[in-house]
Every structure is written in C-alpha cells, then in structure tokens.
Amino acid sequence: MNYWLLKSEPSVFSIDSLDAAPRKTTSWEGVRNYQARNMLRDDFRKGDLAFLYHSSCPEPGIAGIVEITRDGYPDASAWNKRSEYYDEKSPEIKPLWYTTDVRLVRRTKQLISLAALRAHEEGKLQGMLLLRKGNRLSITPVDAAHWKFILTLE
DNA sequence: GCCAACGTTGGC
DNA sequence: GCCAACGTTGGC
C-alpha cells in the first residue's frame, strides 16, 4: 500500500468541500500533468492513504487524511465539453488523463503547516518531495517513514 | 503583486 | 531534437 500527498487550492476544493460531499467521497478529477497522471494510472491503488494538502492560501499545509477508494481510472471530465477540465486530446475511446476516488478519513487534529514540515526538512523529513525546491507536482508519493513522522506533528 | 521554478508549445 | 517564449504554480 502506498502513501501520497494530494494538493488542492481550498478556494477550488477544500477539506470542507470533501466533508460535505456525499459519503465524504469525490473523484479527484482535473489532474492535467503527465507525471501526476502516470502515478494515478500506474500506482494508485484502492486502500492507499493520502494527505490532503491546502496550497496557495494564507496557511498552506496538511488539513486531513483521505483514503483512495478506487484504483486509478480514466478521467471522464476530460471528454465532458461542459467541464472546465475538458481536453480535446483525451477522447473517451483513448483516455489521456486519469483520476481516482478519495474519501475523507478524518481531518488532522490541527493544520500541519508547511512551516511545521519545513522545520524537519533536514532531519526526519529529509528528501520529502513536497519540500523540494521548485516542486509543483499536485501529487507526490510520501515515504512510509515520513508519513508516520508527520502524524506525530499533529 | 512578485518572482523563481517548472511544464508545454511551436518554430526551426 | 533544440530552445525561446509563454503559461502555470505556489510561497511569500
């Protein structure tokens, strides 16, 4: 089983949105980056766990824990002309983009801020992809050891 | 709003 | 295949 970190801008989709969703579950649609797509398509498995991270907001950080409830599968929003994520390069017969389903497991006891994570950048969280300079990937794998340590920061 | 870093596009 | 131009991300 894998651990991940999923970024989203709370102004677009926040942990409150997920909490309010039916069965606290939603499709993680709209990923339009090849590296992230490859992870969704090849590595995301039902039962994996992920941190939900809020980016581009007053206090960026980890807001909750979600469970991956479905293996990666083609992203139908790519061939929905009414979707803001529509992409003519990804017809239904030849999907280019992938998504998965996520369910809110729980909110973290408090926000685990980026600053709190950075405090361990050269220690327990050395090598964490989120903290790497210039990282912009909206999906990153998380080492099991990093996952465990981050939970102690709550 | 600024800016560094990265990804994508398209001309050649 | 190279690379400049452009667009996006995301912290500050």
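The sequence lines fix the lettering, A, B, ..., with proteins before strands; numbering per chain opens at 1.
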Open item on the list: Starting the side chain at C-beta, find the nucleotide from C:dG11, B:dG7, B:dA4 nearest to A:Leu114.
Closed with: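 Shortest atom-to-atom distance from the side chain points to C:dG11.
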
Open item on the list: Near DNA chain B, counting only heavy atoms under 4.0 Å, which residues of residues 55-64 of chain A show up?
Closed with: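 Here the set is empty: none.
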
Calculate the interatomic distance between [X] atom [atom1] and [N] atom [atom2]; express it in whole Å.
X	N	atom1	atom2	result
A:Leu129	B:dA5	CG	P	17 Å
A:Leu130	C:dG10	CG	C1'	11 Å
A:Asn135	C:dT9	CG	P	13 Å
A:Arg37	B:dG7	CZ	C1'	14 Å
A:Tyr34	B:dG7	OH	P	13 Å
A:Glu88	B:dT9	CD	C1'	14 Å
A:Leu6	C:dT9	CG	C1'	16 Å
A:Arg132	B:dA4	CZ	C1'	17 Å

Open item on the list: I'd like to know if A:Arg37 and A:Asp75 make a salt bridge, using a cut-off of under 4.0 Å between side-chain N and carboxylate O.
Closed with: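 No, no charged N to carboxylate O under 4.0 Å.
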
Open item on the list: Check this for me, if you would: do A:Asp16 and A:Arg107 make a salt bridge, where the nitrogen-to-carboxylate-oxygen distance has to be below 4.0 angstrom?
Closed with: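 Between A:Arg107 and A:Asp16 there is a salt bridge, with a charged N closer than 4.0 Å to a carboxylate O.
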
Task: Qualifying side chain to side chain donor-acceptor pair (under 3.5 Å) pairs, either residue in residues 43-65 of chain A, two or more places apart - done: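 Residue pairs with at least one partner in residues 43-65 of chain A: A:Asn2-A:Asp48, A:Trp4-A:Asp48.
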
Open item on the list: Rounded at 0.5 Å granularity, tell me how far OH in A:Tyr3 sits from CG in A:Leu49.
Closed with: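 Result: 6.0 Å between the selected atoms.
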
Task: Approximate separation, where rounding is to 0.5 Å, of A:Ile112 CD1 and A:Glu154 CD - done: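 One finds 5.0 Å between CD1 of A:Ile112 and CD of A:Glu154.
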
TODO: Please work out which residues in residues 7-15 of chain A have a non-hydrogen atom less than 4.0 Å from an atom of DNA chain C and list them by number.
DONE: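 The answer is A:Lys7.
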
TODO: Please list, chain by chain and in numerical order, all residues satisfying side-chain hydrogen bond (donor to acceptor under 3.5 Å, both in side chains) with A:Thr69, sequence neighbours excluded.
DONE: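 For A:Thr69 there are no side-chain hydrogen bond (donor to acceptor under 3.5 Å, both in side chains) partners, ignoring immediate neighbours.
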
TODO: May I have all residue pairs that pass ring-ring contact (aromatic ring centres under 6.0 Å, His included) and include part of residues 66-115 of chain A, sequence neighbours excluded?
DONE: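 For residues 66-115 of chain A, and leaving out neighbouring residues, the ring-ring contact (aromatic ring centres under 6.0 Å, His included) pairs sorted by first residue read A:Tyr34-A:Trp97.
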
Open item on the list: A:Lys94: which residues meet the salt bridge (charged side-chain N to carboxylate O under 4.0 Å, His left out) condition with it, sequence neighbours left out?
Closed with: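 Partners of A:Lys94 by the salt bridge (charged side-chain N to carboxylate O under 4.0 Å, His left out) criterion come out as none, since no residue qualifies.
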
Open item on the list: Is there a side-chain contact between A:Tyr53 and the phosphate of C:dG11, meaning an N or O under 4.0 Å from OP1 or OP2?
Closed with: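 Indeed, a polar side-chain atom of A:Tyr53 lies that close.
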
Task: Geometric class of the A:Phe51/A:Trp147 ring pair [parallel <30°, tilted 30-60°, perpendicular >60°] - done: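 Rings of A:Trp147 and A:Phe51: parallel, as their planes differ by under 30°.
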
